[in-house]
Amino acid sequence: MKNPFNDSPLQQLNDKLFEEKGVVVFIKREDLIHEHIQGNKWRKLKYNLYEARLNKQNTLLTFGGAYSNHIYATAAASKLFHFKAIGIIRGEEPQIKSDTLLFAASQGMELYFMDREMYRQKNNPENIESLRVQIGDFYYIPEGGTNVHALEGVEEIISEIEIDFDFICTPVGTGGTLAGLLAGLRGEKQTIGFSSLKGEDTLTQNVHELVKSYTGFDFTNFSINFDYHFGGYAKTKPDLIEFIKIFKHKFGIQLEPVYTGKMFYGLFDLIQKDYFPKGSRIVALHTGGLQGLSGFPELQQ
Ligand SMILES: *Cc1c(COP(=O)(O)O)cnc(C)c1O
């Protein structure tokens, strides 16, 4: 069978600002991996799908919001690899479904809606078990696709990078991607996560625990920046929208405002503020998520 996935090329970005500050910036185009199953969502799904097969599970069950990149990717991957997919969606069933949910349904994903109160307790093992009683057995993938198997897939990003670099940057939601990069780096180089969410909460702790449970080691060569969340998850500001438009115009690369737009905005700002020593070589991940653009009419052509 032909491999349905493309490579994720590493491209250099050329900008006057980088020359002026003496830094070199590369973008790893995870958005090019697949039209629908792109970026870190594919990386995180990959070994979960292997694991499901290994355990002879034909049904995948996962959680997400109405605009979730993870729901979207899981639905498409389930269809491609012939799994049955169940998506538990946060909140009451909307009268008009988002493009994300319409797409998921079109791929054959069964959608169930869960009220927000119950949804908050979704990871409670008792609740997962009660779902098994109601729906039948399934392979459970947590919200955002983040678990130990996710790290195994994300780690492969590092082995694909054949140039020398000092920093690697990623957007952060659950921290699974950041944790996978740390696993791949084995304590070398510096990783910077840009949080799309407002609160520090338990994010740093979660990253430590994920890396430890996968590698057996605790790595500290990372930081999470909370200065560029633009008001919180899925919140935007005119500045951010403008930045995304300029980025597209300058480099011909589309970003979205939930994750990659915020990270690149933050990266450019940190470079401007001399955060990076002269001579730094920086790799930034384009983690995909472009389906989410449908929720932002101000970015539609
Ligand atoms: C889900 C997502 C993230 C966040 O990844 P985590 O592993 O949850 O931190 C970043 N970028 C994009 C495009 C995403 O869809």
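We count ligands from 1, going down the list as the structure has it; atoms in each ligand are counted the same way.
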Nearest candidate to atom 6 (P) of ligand 1, where distance is taken over non-hydrogen atoms, out of Lys262, Gln291, Glu256, Lys44: Lys44
Val172 to ligand 1, any heavy atom closer than 4.0 Å: yes
Ligand 1 N/O within reach of Tyr259 N/O, cut-off under 3.5 Å: no
Sub-4.0 Å heavy-atom contact, Gly39 with ligand 1: no
Salt-bridge present (Glu110, Lys84; N to O < 4.0 Å): yes
Tyr259 six-ring centre to Lys41 NZ/CZ under 6.0 Å and within 45° of normal: yes
Nearest candidate to atom 5 (O) of ligand 1, where distance is taken over non-hydrogen atoms, out of Asp31, Asn40, Val154: Asn40
Lys237 bridged to Asp239 by N-O distance under 4.0 Å: no
His70 near ligand 1 by a heavy-atom separation under 4.0 Å: no
For atom 8 (O) of ligand 1, closest protein heavy-atom neighbour: Thr174 OG1, 2.6 Å
Short side-chain to backbone donor-acceptor contact, Arg281 and Asp164, under 3.5 Å: yes
Per-atom contacts, ligand 1 versus Gly289 - under 4.0 Å to a heavy atom: 13 (C)
Whether Tyr119 side chain and Phe113 backbone form a donor-acceptor pair below 3.5 Å: no
Of Thr260, Ile192, Thr177, the residue whose pairing with Thr170 passes side-chain contact (heavy atoms from CB on, under 4.5 Å): Thr177
Atom 1 (C) of ligand 1: nearest protein contact (heavy atom, Å): Lys41 NZ, 1.5 Å
Sub-4.0 Å atoms of ligand 1 with respect to non-hydrogen atoms of Gly288: 13 (C)
For Asn69, atoms of ligand 1 separated by under 4.0 Å from a heavy atom: 13 (C), 14 (C), 15 (O)
Proximal ligand 1 atoms for Gly176, defined as those under 4.0 Å from one of its heavy atoms: 6 (P), 7 (O), 9 (O)
Atom indices of ligand 1 within 4.0 angstrom of Gly175 heavy atoms, with elements: 6 (P), 8 (O), 9 (O)
Arg132 to Phe138, cation-pi by 6.0 Å centre distance and 45° axis angle: yes
Within-shell test, Gly144 vs ligand 1, heavy atom, strictly < 4.0 Å: no
Thr62 backbone acceptor or donor facing Glu143 side chain under 3.5 Å: no
Main-chain N/O of Gln254 paired with His286 side-chain donor or acceptor, under 3.5 Å: yes
Best match, Gly173, Gly261, Gly193: closest heavy atom to atom 9 (O) of ligand 1: Gly173
Basic-acidic side-chain contact under 4.0 Å: Asp166, Lys189: no
Top protein contact for atom 11 (N) of ligand 1, by heavy-atom distance: Thr287 OG1, 2.7 Å
